Amino acid sequence: MRRSALAWVLSLIAAAALSIAVPSTGSAATSTVRFGIGDQHPAMFNDARWSSMGLRITRYFIPWDAAGDDYELQRALNFVRAARAGDVEVLLHVTGRIVDGTREPLPSRAAYGRQITKLIAIFRPLGVRTWGVWNEENHPTQPTFGRPDRAAQFFLEMTARCRGCTVVALDLLTQGGIRSVGVASYRGYTRRFFAALGRKASLVKVIGLHNYGDLTVSKGAVLSRDLITYAKRFSPRARFWITESGGIASNRSRVCSESRQVTGTTRMFSHAAALAKDGVDRLYMYNWTAEQCRDLHDSGLVREDGSARPALAVVQEGSLRFSR
């Protein structure tokens, strides 16, 4: 073979190898659902494995009163600034805290409004235009548990103070069952939330859901689809974001299993793709940084020593089918 021809063949082989080694983040996406990974640590943005996926959305929990807490505020600022440096949109999701093993008292509407006004003033100049009113409102660890009426008031405060922002109005874990209408279940909470809003229900544009209940079984996106269908009775034009999802390596009721995490992560992608036709247009996985498989909730992809859990390979491959 002539030297020039040999060089040409070798260049083709090298290009092919490079295309296999480096995941493409271009037009290969087959789902209209946007995919991102939420975390609490800005180091994620400096990890080449995260950068290679070309993700453009992320999510961060922020305590509702973080404006008066120097430590929590600085943590959030560090995360948002790191995300902004990489042109990544942050969903700042307000949350409660666990104090001495129990959920903190439920804030008044006025207290929430004052604190949210401060947070918006701090983070809006940094480009934050996407907010969640309260994380997982129907979970027992949150002060909004059993109080959808107060959650509705918080939504009205957020929309009034953040003009032009995209707001996740209601954010629910798929706990309970399809026929469960108790105030802590997703159906019961949804119904009472919209009843409290009354004529202002039309202000709801985005509803969030956490679909761990579907990921731990093998029956498909049953609870998620029911939540969406039920919520559309009250807000027919709402969009739906899976604001928290992913395979669970361990939690309070499950011993460590990275193989179970792989199974849940695989289902996360298949369920989200299937729910696109039902109105889901974003998927936020939680999370990047693992907690040594002994935390209250550990679904991290990268261990403390920097090594990857097997689920990371599932995410790298699965993310290729989703939009940025």
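Small disclaimer: the values here were computed from a predicted structure and weren't measured. Atom set for the values below is all heavy atoms of this structure, side chains included, hydrogens, waters and symmetry mates excluded.
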query = Can you name the ring pair (Phe, Tyr, Trp, His ring centres under 6.0 Å) partners of Phe35, sequence neighbours left out?
reply = Phe269
inquiry  = Measuring only between side-chain heavy atoms, which start at C-beta, is Arg267 closer than 4.5 Å to Asn211?
reply    = no
key: Residue pair Thr159 / Lys200, side-chain heavy-atom distance below 4.5 Å   = no
ask   = Counting N and O atoms only, with roles assigned by atom type, does the side chain of Arg150 sit under 3.5 Å from a partner on the main chain of Pro107, one being a donor and the other an acceptor?
value = yes
query = Would you call Val88 and Trp50 a side-chain contact if the rule is heavy atoms closer than 4.5 Å?
reply = yes
ask   = Checking Arg260 side chain against Ile248 main chain: does a donor-acceptor pair fall under 3.5 Å?
value = yes
task = Report yes or no: do Glu304 and Gln292 form a side-chain donor-acceptor pair below 3.5 Å?
result = yes
ask   = Taking Ser307 for the side chain and Val302 for the main chain, is one N or O donor matched with an acceptor at less than 3.5 Å?
value = no
Between Asn78 and Gln74, a side-chain donor and acceptor under 3.5 Å = yes
task = Would you mind reporting whether Leu197 and Leu156 have side-chain heavy atoms less than 4.5 Å apart?
result = yes
inquiry  = Applying ring pair (Phe, Tyr, Trp, His ring centres under 6.0 Å), can you list everything that pairs with Phe61, at least two apart in sequence or on another chain?
reply    = Tyr286
remark   = Sorted by chain and residue number, the ring pair (Phe, Tyr, Trp, His ring centres under 6.0 Å) partners of Phe123 (sequence neighbours excluded) come out as none
query = Which value, rounded to the nearest 0.5 Å, describes the distance between Ile207 atom CD1 and Ile242 atom CD1?
reply = 13.5 Å
task = Taking Ser323 for its side chain and Ser31 for its backbone only, find out whether a donor-acceptor pair lies under 3.5 Å.
result = yes
inquiry  = Tell me whether Leu203 shares a hydrophobic cluster with Tyr112, the cluster being built from Ile, Leu, Val, Met, Phe, Trp, Tyr side chains joined at under 4.5 Å.
reply    = yes
request  = Using a 4.5 Å cut-off on heavy atoms from C-beta on, say whether the side chain of Met44 contacts that of Thr58.
outcome  = yes
request  = Kindly say whether Arg324 contributes a backbone atom to a donor-acceptor pair with the side chain of Arg34 at under 3.5 angstrom?
outcome  = yes
Exam field: side chain Gln142 to backbone Gly96, donor-acceptor pair closer than 3.5 Å = yes
ask   = Val217: which other cluster members, linking ILVMFWY side chains closer than 4.5 Å, directly or transitively?
value = none
query = Going through the distances and angles, do Phe194 and Val204 end up as a side chain to side chain contact (heavy atoms under 4.5 Å, CB included)?
reply = CA-CA 9 Å; Phe194 279 100; Val204 174; 3.8 Å; yes
inquiry  = Please enumerate all residues that pass side chain to side chain contact (heavy atoms under 4.5 Å, CB included) together with Ile178, with sequence neighbours excluded.
reply    = Tyr186, Arg187, Val222, Leu223, Asp226
ask   = Judged by atom type as modelled, is there a donor-acceptor pair below 3.5 Å linking the side chain of Asp298 to the main-chain atoms of Gly300?
value = yes
query = Mind checking what makes salt bridge (Lys or Arg N to Asp or Glu O under 4.0 Å) contact with Glu258, not counting sequence neighbours?
reply = Arg303, Arg309
query = To the nearest 0.5 Å, what is the distance between CG (Leu215) and OG (Ser270)?
reply = 8.5 Å
note = Quick note, disulfide (SG to SG under 2.5 Å) partners involving residues 132-244, not counting sequence neighbours, are Cys162-Cys165
ask   = Do Leu119 and Val167 belong to the same hydrophobic cluster, where Ile, Leu, Val, Met, Phe, Trp and Tyr are linked whenever their side-chain heavy atoms lie under 4.5 Å apart, directly or via other members?
value = yes
ask   = Partners of Ala85 by side chain to side chain contact (heavy atoms under 4.5 Å, CB included), sequence neighbours excluded?
value = none
inquiry  = With heavy-atom distances below 4.5 Å as the criterion, would you say the side chains of Ile62 and Arg75 are in contact?
reply    = no
task = List in chain and number order the residues that pass salt bridge (Lys or Arg N to Asp or Glu O under 4.0 Å) with Arg225, two or more places apart in sequence or in another chain; answer none if no residue qualifies.
result = Asp278
Residue among Glu89, Arg59, Arg282, His93 satisfying side chain to side chain donor-acceptor pair (under 3.5 Å) with Thr130 = Glu89
message = Side-chain heavy atoms under 4.5 Å apart, restricted to Ile/Leu/Val/Met/Phe/Trp/Tyr: what other residues fall into the cluster of Tyr284, or is it alone?
response = Ile57, Leu91, Val168, Val206, Trp241
ask   = Is it the case that Tyr212 and Gln175 place a side-chain donor and acceptor less than 3.5 Å from each other?
value = no
message = Donor-acceptor check, side chain of Thr102 to backbone of Val99, threshold 3.5 angstrom: yes or no?
response = yes
inquiry  = Quick check: do Val94 and Phe154 have side-chain heavy atoms less than 4.5 Å from each other?
reply    = no
query = Phe145: which other cluster members, linking ILVMFWY side chains closer than 4.5 Å, directly or transitively?
reply = none
inquiry  = Can you list, by chain and residue number, the hydrophobic cluster partners of Val183 when the side-chain cut-off is 4.5 Å?
reply    = none
ask   = Is the number of heavy atoms from other residues, nucleotides or ligands under 6.0 Å of Asp70 CG greater than 12?
value = no
query = Would a distance-only check, ignoring hydrogens and angles, find a side-chain to backbone donor-acceptor pair under 3.5 Å from Asn287 to Gly38?
reply = no
ask   = Take atom NZ in Lys277; do more than 12 heavy atoms of anything else shown fall under 6.0 Å from it?
value = yes
key: Nearest-0.5 Å distance that lies between atom CZ in Arg161 and atom CD1 in Ile116   = 9.0 Å
ask   = Are any non-hydrogen side-chain atoms of Asp281 and Thr32 less than 4.5 angstrom apart?
value = no
task = In sequence, state the C-alpha distance, the side-chain angles, and the governing distance for Gln40 and Thr289, and then conclude on side chain to side chain contact (heavy atoms under 4.5 Å, CB included).
result = CA-CA 8 Å; Gln40 297 298 106; Thr289 309; over 6 Å; no
task = Please answer whether the main-chain N or O of Thr141 pairs with a side-chain N or O of His139 as donor and acceptor at a distance below 3.5 Å.
result = yes
